[in-house]
Number of protein chains: 2
Amino acid sequence: MVINDRMKAILNAVVYRYITTAEPIGSEMIVKNYGLNVSSATVRHDMLVLEKLGFLKKPHTSAGRVPTDKGYRFYVDNLMSKNVVNLSRAEQREIVEQYKIRKEFNEVMRVTSKLISRLTNNLGVVLAPNMVSDTLKDIRFISLDNNRVLITLITNSGLFFQKIMKINFDISEDNLEAIARIIKREFYGKSLEIVNDEMLEKIYRYYFKYQTLESIWKLIENCFDFQDEEENIFLGNRCYMLRQPEFKEIEKLNYLFDFIEEEKNLVQIIKKSLLNKQFDIVIGSELGEKIMKDCSVITRQYSIKGKPMGAISVLGPTRMNYTKSVSILDFIATRLSEILSE
Amino acid sequence: MVINDRMKAILNAVVYRYITTAEPIGSEMIVKNYGLNVSSATVRHDMLVLEKLGFLKKPHTSAGRVPTDKGYRFYVDNLMSKNVVNLSRAEQREIVEQYKIRKEFNEVMRVTSKLISRLTNNLGVVLAPNMVSDTLKDIRFISLDNNRVLITLITNSGLFFQKIMKINFDISEDNLEAIARIIKREFYGKSLEIVNDEMLEKIYRYYFKYQTLESIWKLIENCFDFQDEEENIFLGNRCYMLRQPEFKEIEKLNYLFDFIEEEKNLVQIIKKSLLNKQFDIVIGSELGEKIMKDCSVITRQYSIKGKPMGAISVLGPTRMNYTKSVSILDFIATRLSEILSE
DNA sequence: ATTAGCACTCTCATCAATAGAGTGCTAATT
DNA sequence: AATTAGCACTCTATTGATGAGAGTGCTAAT
């Protein structure tokens with residue numbers, strides 16, 4: 001039982017067709033629409049083999065075939081590249097348009113997730129940049145009132161971040177500025193992770209000048225601790241998913257949404273996806289989550305100034321249009337990287 | 001045809017019961033479970049009157065009654081207060097718990113929307129503070145690189161806001177600081193709206209000192225313009241809504257989500273709700289949106305330092321538990337106001 | 001290796017029959 | 001005048017039977 005070219009063509013046709021119709025594909029259908037110059041009986045024969053190999057399955061005895069997760073996997077790895085679809089002019093324009101107006105950072109993330117949702121007709125997901133590995137560029141302290149200080153932290157990727165620190169002692173604006181200058185001098189260009197590690201030690205050298213050690217330490221102790229920061233994740237519109245026939249049973253949809261909206265679940269899936277690669281497709285059971293067994297996730301990195309900083313994803317049924325989704329993610333990731341790199 | 005006490009009791013029972021069972025309520029049901037000491041025939045008679053008055057309706061001839069929008073309205077205005085339900089210890093604890101850990105501002109908004117979703121089993125919505133009416137406390141310019149300046153704006157409510165400004169000319173840190181100082185001196189304590197209005201005029205007095213007028217103007221022209229800023233709205237979990245039987249047809253759900261996720265629609269509904277009051281319930285057709293005719297929205301203001309700054313809402317089916325939802329919104333709004341006021 | 005032919009299986013839509021719930025009306029009762 | 005028992009009536013929801021249709025797998029011929 002070896003998989004020959006015709007069988008590949010049949011598998012390709014089944015996946016391709018099933019993606020648009022969402023109905024099981026029969027042998028007759030294949031010969032009629034994908035000129036293979038063989039009879040339906042031959043196709044039937046090949047399909048039987050493909051089924052035995054685990055690439056196709058039947059919903060019931062007298063139905064056509066649908067791809068299995070293994071079938072999709074083979075399609076994605078070996079066949080998909082022949083069907084590349086580029087974005088239409090209209091789609092390209094829509095994306096470019098969205099990024100034209102300068103927007104606040106969170107807004108960019110939000111718009112991106114919605115854009116992906118709309119264009120793929122599935123759920124768009126954006127994982128915001130993780131600052132831990134980013135390097136320090138500037139830091140400022142602004143006194144809000146007697147017991148609160150606003151810390152503004154700027155990284156070399158041009159990201160900025162605020163935290164409000166509560167303090168229980170008086171400290172002058174001048175002292176605040178002095179401390180900020182010291183931190184900047186000592187840690188400029190170092191990753192926030194390293195800054196956090198080395199902070200305590202360095203602080204010792206300067207503390208006597210401004211306050212007791214404890215006070216200063218209180219002020220900045222959590223400032224660089226992004227470890228326990230929850231990853232910022234943005235989910236796009238849910239409405240498009242609802243149109244997919246695989247989600248027509250609300251019962252299922254309910255469980256799926258339950259899972260998805262517990263956002264750390266998705267964060268985990270996406271981060272795992274990008275451990276080694278900058279692009280990944282995870283199909284159905286490969287996700288290792290029973291609730292997600294009918295879903296696939298495509299993930300694509302984006303960069304800021306050439307440095308990978310986050311990811312965008314599509315979540316849809318395993319029957320989703322992989323080629324199209326990949327093109328869309330590609331295009332958006334490229335534009336997004338440009339925008340964020342300025 | 002006047003509505004007497006017994007009829008009120010019947011209407012109350014129908015609404016109360018329908019809220020939990022989501023099934024039409026028959027006359028037999030009422031006498032059995034809500035001891036009225038009359039026969040089912042009498043109840044039937046009263047129900048007929050209530051139907052003629054437009055408070056109840058029948059899904060079909062041989063079914064029990066369900067409340068109309070007018071029925072819910074009467075319930076909400078006249079009957080609801082007798083059924084007040086306070087939050088359980090567990091619910092109170094859950095809310096308090098969520099706000100215990102200090103969180104970044106957006107995170108607070110996000111958590112709140114999810115909290116409302118979870119506790120009401122519907123969609124929680126949070127409208128973030130609108131800064132337009134807030135007053136200026138401090139402003140800082142931080143040079144990011146050659147052509148970008150980060151503006152940090154702090155209001156007297158303790159809110160802060162950043163914008164990145166692109167500039168196409170060189171300006172020294174000292175000059176930036178000087179301009180910030182001037183703005184602060186001139187506009188401290190004034191509402192951002194007013195600041196925006198008066199900015200141009202004031203700028204004239206100082207421009208010669210630092211740059212050409214045009215350059216400075218470019219720098220701050222949009223800085224205080226929050227008019228066209230999109231309102232920041234946060235939608236909580238969608239998954240709970242899916243359990244409500246009125247949303248069991250995906251077709252409908254699809255349209256509803258379409259509408260909801262076009263966020264300006266919800267912003268409009270919520271803002272309209274709070275024009276004059278600090279609390280409001282809008283029921284079904286009152287929303288004036290065909291798609292939302294089976295939904296109600298309850299909205300409640302929250303404040304920062306005593307000043308109303310935003311709103312939290314529940315969106316659910318007209319059959320939602322109004323009393324419970326009101327209690328939950330009340331409790332959360334109070335806590336949220338505390339948190340945001342520090 | 002391919003194909004025509006065909007019996008077989010399973011789904012899906014339709015239809016009729018039936019049970020059950022709840023009504024509205026009428027006439028009797030309080 | 002208000003309440004109630006009684007009952008015919010209406011509509012829904014469920015069930016089971018039926019038949020058309022789709023697509024298969026197998027066999028025997030090419």
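What you see is a predicted model, and the numbers here were worked out from it, not measured in a lab. Proteins come first, then strands; the chains are lettered A, B, ... in the order of their sequence lines, and each starts at number 1.
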Distance test, side-chain N/O of A:Arg6 to OP1/OP2 of C:dA1, below 4.0 Å: no
Quick one: which of C:dG24, D:dG25, D:dT4 gets closest to the side chain of B:Thr42? D:dT4
Are any of the side-chain nitrogens in B:Glu51 or B:Arg65 under 4.0 Å away from the carboxylate oxygens of its partner? yes
When you check the phosphate oxygens OP1 and OP2 of D:dT27, does a side-chain N or O of A:Arg44 lie under 4.0 Å from one of them? no
N/O (side chain, B:Lys58) to phosphate O (OP1/OP2, C:dG24) under 4.0 Å: yes
So which protein N/O to nucleotides 8-14 of chain C N/O distances come out below 3.5 Å?
| residue | atom | partner | partner atom | Å |
| --- | --- | --- | --- | --- |
| C:dT9 | O3' | A:Thr61 | OG1 | 3.3 |
| C:dT9 | O2 | A:Ser62 | OG | 3.4 |
| C:dC10 | O5' | A:Thr61 | OG1 | 3.2 |
| C:dC10 | O4' | A:Thr61 | OG1 | 3.4 |
| C:dC10 | O2 | A:Ser62 | OG | 2.9 |

Should B:Arg73 and B:Asp77 count as an ion pair when the cut-off is N to O under 4.0 Å? yes
Measuring only between side-chain heavy atoms, which start at C-beta, is B:Glu263 closer than 4.5 Å to B:Leu266? no
For A:Glu261, is there any backbone N or O sitting under 3.5 Å from a side-chain donor or acceptor partner on B:Lys114? yes
Below the 4.0 Å mark, does D:dG23 have OP1 or OP2 next to a side-chain nitrogen or oxygen of A:Arg65? no
With a non-hydrogen cut-off below 4.0 angstrom, is A:Ala63 in contact with a base, only sugar-phosphate, or nothing? sugar-phosphate
Toss me the dot-bracket line for DNA chain D: Watson-Crick and G-U wobble, both under 3.5 Å, 5' to 3', using | for pairs to another strand and [ ] for crossers. ||||||||||||||||||||||||||||||
Report the C-alpha separation of B:Tyr16 and B:Asn33 in whole Å, then their side-chain angles, then the decisive distance to 0.1 Å, and conclude whether the side chain to side chain donor-acceptor pair (under 3.5 Å) test is met. CA-CA 11 Å; B:Tyr16 187 82; B:Asn33 294 282; over 6 Å; no
Quick one: does any side-chain atom of A:Ser117 pair with a main-chain N or O of A:Gly124 as donor and acceptor, under 3.5 Å? yes
Between D:dT4, C:dC25, D:dC26, spot the one nearest the side chain of B:Leu48, thanks. C:dC25
Students often get this wrong, so: under 4.0 angstrom with heavy atoms, is A:Ser27 touching a base, only sugar-phosphate, or nothing? sugar-phosphate
Interatomic distance, A:Glu51 CD vs D:dG25 P [rounded to whole Å]: 6 Å
Parallel, tilted or perpendicular, judged at 30° and 60°: which one describes the rings of A:Phe257 and B:Phe257? tilted
